[in-house]
Structures are given as structure tokens and as C-alpha cells.
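Only one structure is covered here, and it is reproduced in the block below.
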Amino acid sequence: MERSAGSSVPVGVRVIGRLGAAVIDAVAGLGRFGMFVVETVRALPDVRTWGPHVVAQMRRLGVDSLPIALFLAVFTGIVLSLQASYTITGTIPLYFVGALAGKSMILELGPVLTGLALSGRVGANIASELGTMRVSEQIDALETLAYNPHAYLVVPRVLATTAMFPILVIFANLVGIAAALVTAVHLLDMSVQEFLRGLRLFYVPFDVSYALIKATSFGLVIALVSTYQGFTTAGGAEGVGRNTTRAVVVSGMLILALDAYWAVVLL
Amino acid sequence: MIEFVDVHKAFGPKQVLRGFSLTVEEGETLSLVGFSGAGKSVALKHVVGLLKPDRGTVRVDGQDVPSLGRKELYELRRRVGYVFQFAALFDSLTVGENIAMGLRRQGTMDERQIRERVAEALALVELEGFEDRYPPELSGGQRKRAGLARAIAFRPKYLLYDEPTSGLDPVTTTVIDRLILKMKRELGVTSLVITHDMHSAYRISDRIAMLYEGRVLQIGTPEEIRATTHPIVRGFVEGEPELIEAAEQGEAA
């Protein structure tokens with residue numbers, strides 16, 4: 001068997017050892033995240049601590065995210081309208097543009113694009129703020145003042161993000177569809193009635209429920225992952241940067257995984 | 001009384017405390033000195049349950065800290081003020097709000113009483129009128145004093161200081177040392193001070209203990225420590241690395 005210079009341990013054994021260590025690390029990390037979630041759930045009855053902070057967090061993480069969500073929605077709506085027209089022209093009636101644009105926006109692009117964009121804005125915001133508090137011992141200081149940091153810092157952010165995400169997605173969907181309609185009317189020579197006829201064609205109320213279920217789960221995941229990354233930050237400014245990046249990347253990956261999961265389970 | 005009994009603590013493969021035992025008597029100011037990274041702050045965090053020992057225990061007023069439930073731990077923390085190395089003030093809150101946080105948590109005072117107590121705590125640390133300033137507007141020394149005001153606002157029985165004078169100029173260091181003496185004189189608190197500044201330790205301490213390789217190497221009054229013949233302690237207090245190296249080589253041989 002191949003051996004590296006200066007080592008009596010075979011390369012194969014070392015590779016297996018490293019793989020094993022990586023698996024153990026991953027399982028331990030999942031366990032720590034699970035404990036973090038349990039601690040957060042256990043802090044829920046402490047309303048006196050988290051109650052006063054929820055509205056402020058809803059404004060900061062939710063309302064202040066509205067411009068970026070709407071900006072994305074406008075351009076997504078424009079592109080959806082034009083691509084739908086490009087796809088169906090000459091094959092099926094043009095009013096199907098409304099159906100394609102509406103369905104795509106409500107079911108997929110509204111929740112997912114908003115989720116991905118806000119995993120950057122909201123996730124980075126939460127992880128860097130809590131990470132800085134961790135490395136500057138502010139979270140320890142909260143503990144010494146007899147505050148439960150999960151109740152004071154985590155619960156308000158998780159509740160605010162989970163509650164505001166569906167609202168943001170509703171606005172994004174409405175604005176995206178409106179942008180698709182304006183595009184269809186001005187660039188595709190469709191009438192408003194034609195577009196709306198297509199929009200209504202395959203619409204079922206479940207579409208909205210589906211979008212809201214997805215948006216709620218995305219908000220919950222972003223908030224939990226980001227608060228966890230913030231809480232477990234170590235190593236000064238470099239650690240804050242590392243965990244903030246990890247919060248954004250992991251949130252984005254989980255959003256895509258959840259998107260597929262809901263499609264399998266609900267569609 | 002604060003007691004560390006045979007405390008062991010490791011972070012991964014790094015063994016920080018190895019049988020650390022120390023008793024801080026009622027009413028005294030004890031300074032724990034030692035090299036950077038020796039585990040002084042780690043020891044301090046065990047007193048309020050921010051860290052749990054791997055082995056051994058820490059007792060405060062006879063209560064076994066590692067075995068306390070969350071509620072009992074919070075009760076204990078109301079008797080212990082903690083002054084952090086870099087103050088750990090909440091940047092988004094004013095100095096007054098920072099100090100009021102612990103008082104609000106106790107829930108025993110109305111807003112007028114809290115305001116009065118905040119002003120009183122700020123006066124004790126000579127920061128009168130700083131209630132509405134934000135932490136980023138303060139100098140290093142002022143931040144430390146504001147951190148001290150937050151720690152003493154709920155009139156704790158014990159005060160834990162983590163490097164209260166690190167990073168300060170000599171004059172501001174003297175000001176902080178005088179404040180530590182004032183806290184003892186006027187509030188009668190029992191204090192455990194983590195420092196590596198020997199001038200400061202001599203000024204403020206009733207006793208000084210040196211932490212080395214995870215346990216107490218020597219403990220005594222400032223005079224006893226000043227006159228020590230132990231080569232490592234002497235090397236540390238006099239700032240002579242050659243003495244320490246020679247002693248370590250002697251031990252290894």
C-alpha cells in the first residue's frame with residue numbers, strides 16, 4: 001500500500017480517518033444546532049423578555065427589506081412576461097402569458113428569489129450583529145445581568161423574520177405580477193383583459209397557500225441559521241466574517257432544499 | 001465566600017485549568033495574576049456559570065454553581081457583578097439604559113427609583129451626567145467605568161473584574177484602581193480581580209494569587225508576593241523572563 005514519507009500510517013487509513021472525523025464534526029454540529037433550537041423553544045414562555053423587541057425587529061428585518069424584495073420582483077415580472085411570450089408565440093394564444101407569469105411568480109420565483117435575496121440581507125444582518133455581540137462578550141454580559149440571551153436576542157429575531165417573510169412574499173408577488181402585466185400591455189401589445197384572463201385560467205387558491213407555506217419556512221430557516229451562526233461565533237473580526245458568510249451560504253442552500261421538499265410534498 | 005475546588009477545564013485538546021483551587025474570603029479583594037492565556041478569565045467565568053468545569057466545582061456562598069438550575073443561577077447572578085475586560089456595553093443602548101438593564105430585570109424598582117440608582121452608580125464611578133451618552137462616544141477609561149457602574153448598580157455582594165486596567169494609560173489605571181478600592185470601602189464588596197498588571201495588584205489587593213499551568217502556584221499578601229523567592233513568581237512580578245526560563249529548565253531537568 002502507498003505510504004507517505006515520514007508517516008507509518010497508510011494513506012488509505014488516514015483518508016478514512018479524516019472522513020470519519022468530518023462525519024463526526026457534522027453530526028456534532030447538527031447536535032449543537034438541535035440544542036440551540038431547543039433552547040430557543042424553551043425561551044418562548046419568557047414573553048416579558050422578548051415581547052418588547054419583536055415589533056422593532058419586524059421593522060428592521062421585515063419592513064426595511066421591502067425595497068429590495070420589490071426591486072427584485074419588478075425585474076422578475078418583466079423578464080417572466082417576455083420569456084413567456086417568447087416561449088408560446090406561434091403555438092398557443094398569447095393570453096397564456098398571464099398564466100405562465102402569474103403561476104411562476106406565485107409558486108416559485110416570488111418566494112425563492114425573495115428568500116435568496118433576503119438570506120443575504122437579513123441573514124448577514126443577524127449573524128454579524130450577534131457575532132459581534134458574542135466576540136465582544138455582550139452576550140455573556142446579558143447572562144450576568146440574569147437575562148436569557150435566547151429570549152432577549154434569538155426569539156424576537158426568529159419570530160419577526162418568520163412572520164414578515166410571508167408578508168414580503170405577498171408584496172413581491174403582487175408587484176411582480178403587476179410588472180408582468182405592464183410589460184405585456186406595453187411591449188407585447190396585449191390588453192389588460194387578455195393578461196387577466198390568462199392569470200385566472202389556471203389560478204387556484206392553493207397556489208397562494210403554497211407560496212405562504214414556503215415563505216414561512218424560508219423565514220424560519222434564515223432566522224434560525226443566522227442566529228445560530230451569530231451565537232457560535234469565535235475568533236474576533238475574522239470569526240464574525242466567517243460565520244456571517246456561513247449563515248448566508250447555509251441559508252441559501254437550505255432554501256433551495258426546502259423549495260424542492262415542498263414541491264415533492266405539496267404538489 | 002467564593003471557592004474553587006480542584007477545577008479542571010479543557011477546550012478541545014488544550015487543558016487550561018488543572019486542579020485549580022482558591023478561596024476568596026468575605027470582604028477581601030483578591031487578585032489573580034498570571035501570564036496571558038493562563039486561564040484567569042476562564043476561572044472567573046466559572047463563578048457565574050458562564051462556563052462549567054469538566055471536573056471539580058465552584059461554590060458561591062456554599063452554593064454549588066455548576067449544579068444550579070437556570071432560575072437559581074439567575075438568582076446567584078443578581079448577587080455577583082461582572083466587569084468585563086472591554087466593558088461589554090450594549091452599543092445600541094445609552095449608558096443609562098445599559099446600567100438600568102440589570103435593575104429592570106430584578107423587577108423590584110419603579111422607573112423613578114431606577115433612574116436614581118443609575119445616577120448614583122454613575123456618581124460612584126465619577127461619570128455624573130453620562131446617562132444619555134452612547135458607548136461609542138466614550139473613551140476606553142470611561143467605558144470601563146460605565147461597565148463598573150452597570151456591575152454595581154444592583155448592589156452586588158461580589159464583584160468580578162476581568163482585566164479592569166488592560167489597555168489603559170498609567171493615570172487612568174490609577175483612577176480605576178482607586179475606584180476598585182472605593183467599591184470595597186463604600187459598598188463592602190468581596191472582589192476577585194483578574195490582572196497581569198502587578199502595580200495594580202499591589203495597590204488594590206488584600207491577597208494575590210498567581211495562576212500558572214492551570215493551578216495556583218503561590219498565594220500571599222502583596223508584601224509576601226513582593227518578597228517571594230519562588231523563581232517563577234519572582235520572574236513574573238519583576239518581568240524577568242530569564243528567571244522563568246531558568247526555573248522551567250531546572251524543573252524539566
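Chain naming here is simple, since letters A, B, ... match the order of the sequence lines and numbering starts at 1 in each. Since we're looking at a predicted model, the values are computed, not measured.
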Please check if the number of heavy atoms outside [X] that lie under 6.0 Å from its [atom1] is greater than 12.
X	atom1	result
B:Phe35	CZ	yes
B:Arg185	CZ	yes
B:Gln113	CD	yes
B:Phe11	CZ	yes

Item to complete: Sort A:Ile139 into side chain, backbone, both or neither according to what part of it lies under 4.5 angstrom from a heavy atom of chain B.
Response: neither

Practice prompt. Output the distance between atom CD1 (B:Ile99) and atom CG (A:Leu145), rounded to the nearest 0.5 Å.
Written response: 11.0 Å

Worksheet entry | Interatomic spacing from CG in A:Asp140 to CG in B:Asp162 - rounded to 0.5 Å | 10.0 Å

Worksheet item: Taking NZ, NE, NH1 and NH2 as the nitrogens, is one of them in A:Asp46 or B:Arg105 under 4.0 Å from a carboxylate oxygen of the other?
Response: yes

Response to the item:
Highest number of heavy-atom pairs under 4.5 Å with chain A among B:Gln106, B:Arg150, B:Glu75 belongs to B:Arg150

Practice prompt. For each of B:Leu89, B:Val80, B:Leu103, B:Val48, tally heavy-atom pairs with chain A at distances under 4.5 Å, and name the one with the top tally.
Written response: B:Leu89

Discussion item. Please classify the contact of B:Arg104 with chain A as side chain, backbone, both or neither, using a heavy-atom distance under 4.5 Å.
Written reply: both

Nearest heavy-atom neighbours spanning [X] and [Y]:
X	Y	result
A:Gln138	B:Phe90	O-CE2, 3.2 Å
A:Tyr147	B:Tyr74	O-OH, 3.4 Å
B:Ala88	A:Ser136	CB-O, 3.5 Å

Worksheet item: Checking B:Tyr82 side chain against A:Glu143 main chain: does a donor-acceptor pair fall under 3.5 Å?
Response: no

